[in-house]
Amino acid sequence: MTLLQLQYFITVVETGNFTHAARQAYTSQPTISRQIQMLEEELGYSLFNRNSKPLRLTEPGQILYEGMKEAISRIKARAGRNSRHVSAL
């Protein structure tokens with residue numbers, strides 16, 4: 001699992017669309033799809049229900065999303081207390 005995969009995952013969740021996520025991340029849709037697929041393979045779970053319109057998270061996907069958002073929030077809060085700027089998250 002890489003930070004880039006997690007960033008792509010969060011972007012897909014927040015945009016609700018692989019193509020929009022790719023545009024926002026300045027990359028291609030196949031790149032986003034492949035990185036999400038690799039993340040799912042590593043975790044052993046599907047993160048998205050790809051048959052639904054709009055795109056929906058599976059239960060494991062929802063758990064991962066909530067956990068990552070909480071972790072990023074904590075990192076940003078600590079960085080702010082330490083007078084450091086965390087803009088990449």
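For the single chain, residues carry numbers from 1 onward in sequence order.
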Is there a path of hydrophobic side-chain contacts, each under 4.5 Å between heavy atoms of I/L/V/M/F/W/Y residues, joining [Y] to [X]?
X	Y	value
Phe9	Ile63	no
Leu4	Tyr65	yes
Leu6	Leu43	yes

message = For Arg56, is the CZ atom crowded, meaning more than 12 foreign heavy atoms sit under 6.0 Å from it?
response = no

inquiry  = Surrounding CD of Glu59 (heavy atoms of other residues, nucleotides or ligands, distance under 6.0 Å), is the total greater than 12?
reply    = no

ask   = So, Ser33 versus Gln29: side-chain donor-acceptor pair below 3.5 Å or not?
value = yes

Are [X] and [Y] packed together at the side-chain level, in the sense that at least one heavy-atom pair is separated by less than 4.5 angstrom?
X	Y	answer
His20	Arg23	yes
Val12	Asn17	no
Tyr45	Leu64	no
Ile10	Ile72	yes

ask   = Has the side chain of Ser73 got a donor or acceptor atom that lies under 3.5 Å from a matching backbone atom of Lys69?
value = no

ask   = Is a side-chain donor or acceptor of Gln62 paired with a backbone partner of Leu57 at a separation under 3.5 angstrom?
value = no

message = So if I apply the side-chain contact (heavy atoms from CB on, under 4.5 Å) rule between Tyr8 and each of Thr2, Leu39, Val13, Thr27, which one comes out positive?
response = Thr27

Heavy-atom pair with the smallest gap, counting every atom of Ala25 and Ile32 = CB-CD1, 4.4 Å

task = Identify the two heavy atoms, one from Leu55 and one from Asn49, that lie closest to each other, and give their separation to 0.1 Å.
result = CD1-O, 3.8 Å

